[in-house]
Amino acid sequence: MNPKLNFSEFPPSSMEEWKKLVQKELGEKPYDTLVWTDTNGLTLEPYLVASDNNNAPTAAADIKKNTTGSWLINQAIRCNDLKEANRFILEALQGGANSIAIDADIDSKEDLQLVLKDILIEYIALHFRSDKPLLLITWYVELAQQKNLDTRTLRGSVIYQANQGMPENDELVALAKFSSSHFSLFKTVVVETISLDMQGQNAVQQLTHALNKGNKVLEHLTENGIAIDDASAMIQFTFSIGSSYFVEIAKLKAFRIMWATIVEQYKPTHACSTNTMVYAETSMSTQTKEDAHTNLLRGTTQAMSAILGGADAVGVTPFDAGFAAQNENSLRLARNIQHLLMEESYLSAATHAAEGSYYIEEITKQLIEKTWKEFSEMEQG
């Protein structure tokens, strides 16, 4: 007969008691030597308890809470030979991807038909990069209509590629009006921070940029007669995920909370308008050419950060993307990282995976405080 477990011999200890014991071990070294300050200016204690997070921020009521389980496996295809690009896309789909980012020169409706030959666009998400986004999505709608598809069921986005910028104001409004007439799920305005990561900017700077650009889009569209619910639904945010594992998880969580707060100021009719589409891509800036296969390990932990942070779609950058031509082997390995996380690590079966972690919640709280300060100063200036 098993004795009844009794933990009364292990009384709880306070933070003050813990610090006294730690200080005894440290001797003459000050306790502050254990406090970590990172490149974002975050100051983190080595030991956190629930009381430290009593004032932690909470998300809007309808904000996405299931941080894993429903992400799309994206594969980026970068190839200007359209027949070859089509072949890469078909191989990616056969290999388990359900979202494709196409970076190719598509200059006509015939080009678009060639790159999408034999692809069932109604079942996957397609992300295009183009310097003429309005023209491209016009061709895309015509192609869908030829197939008798309801364009409001199509998923994906069109990214304006001119220097990673945004379309001019007139084109932005035209995109929004076209989008409201034809799409519900397809995003026609994409705010990117990947270039900022390549420049070495930290998480706070990336978040501030995303909030500032996103808010300016909402401001301009609503001033031109687009309802806030429609304007919010048209936007996608793209983040690069770096190597600071917990900070990158918190970055996406913090962003969703702050974006929901911004959208609420426009008084949307539907609560779901405070949510948004987030695409995350593992960072190429952390890759190395020497011993390049270690980039697979970097890609794995970065993909985990994206998934646990609540990204809607995740792309793993091939391990040799920085120094080799696109090839089937590195694309397959990039896809399989996500298959391992989904099917063998069971991240697809988990919900609220990062919720309740005092450490992540504290990072999230501090990221919000620092980003909100910079964002407010930028808006006022």
Open item on the list: How close do Asn224 and Lys177 get, counting heavy atoms only, and between which atoms?
Closed with: O-CE, 4.5 Å

Open item on the list: Whether Glu361 and Lys253 form a salt bridge (side-chain N of Lys/Arg under 4.0 Å from carboxylate O of Asp/Glu) is what I want to check.
Closed with: yes

Task: Check: Ser330 side chain, Gln326 main-chain N or O, donor-acceptor pair, under 3.5 Å - done: no

Open item on the list: Quick check: closest heavy atoms across Ser232 and Ser273, and the distance to 0.1 Å?
Closed with: OG-O, 2.6 Å

- [ ] Please state whether the rings of Phe186 and Tyr140 are parallel, tilted or perpendicular, taking 30° and 60° as the class boundaries.
- [x] tilted

Task: Short side-chain to backbone donor-acceptor contact, Gln205 and Asn202, under 3.5 Å - done: yes

TODO: Over all heavy atoms of both residues, which pair between Glu281 and Thr317 is shortest? Give the atoms and the distance, please.
DONE: CG-OG1, 3.6 Å

Open item on the list: Could you report the tightest heavy-atom contact between Gln287 and Asn295, atom names first, then the distance?
Closed with: CA-OD1, 3.3 Å

TODO: State, yes or no, whether a side-chain contact exists between Met198 and Ser285 at a heavy-atom distance under 4.5 Å.
DONE: yes

Task: Student check: side-chain heavy atoms of Phe246 and Leu308 closer than 4.5 Å - done: no

Open item on the list: Working to the nearest 0.5 angstrom, can you tell me the gap between His220 NE2 and Leu172 CG?
Closed with: 5.5 Å

Open item on the list: I need the single residue from Val158, Ile102, Asn74, Thr238 that forms a side-chain contact (heavy atoms from CB on, under 4.5 Å) with His127. Which is it?
Closed with: Asn74

TODO: Would you check if the side chain of Ser345 reaches a backbone N or O of Met342 as a donor-acceptor pair within less than 3.5 Å?
DONE: no

Open item on the list: So Trp259 and Ile235, do their side chains get closer than 4.5 Å, heavy atoms only?
Closed with: yes

Task: Heavy-atom check, side chain of Ile241 versus side chain of Leu252, under 4.5 Å - done: yes

TODO: Answer yes or no: is there an ion pair linking Arg87 with Glu328, defined by an N-O contact shorter than 4.0 Å?
DONE: yes

- [ ] From the options Lys132, Gln113, Glu110, select the one residue that forms a side-chain contact (heavy atoms from CB on, under 4.5 Å) with Trp139.
- [x] Lys132

Task: Backbone of Thr43 reached by a side-chain donor or acceptor of Gln366 within 3.5 Å - done: yes

Open item on the list: Strictly distance-based, threshold 3.5 Å: is any side-chain N or O of Ser283 a donor or acceptor partner for the main-chain N or O of Ser240?
Closed with: no

Open item on the list: Using the ring pair (Phe, Tyr, Trp, His ring centres under 6.0 Å) definition, which of the options Phe375, Phe237, Trp372 pairs with Phe255?
Closed with: Phe237

- [ ] Without swapping roles, check the side chain of Asn40 against the backbone of Leu42 for a donor-acceptor pair under 3.5 Å.
- [x] no

TODO: Please work out which of the three classes, parallel, tilted or perpendicular, describes the rings of Phe178 and His182, given edges at 30° and 60°.
DONE: parallel

Open item on the list: Salt bridge check, Lys373 against Glu377: does any charged N sit closer than 4.0 Å to a carboxylate O?
Closed with: yes

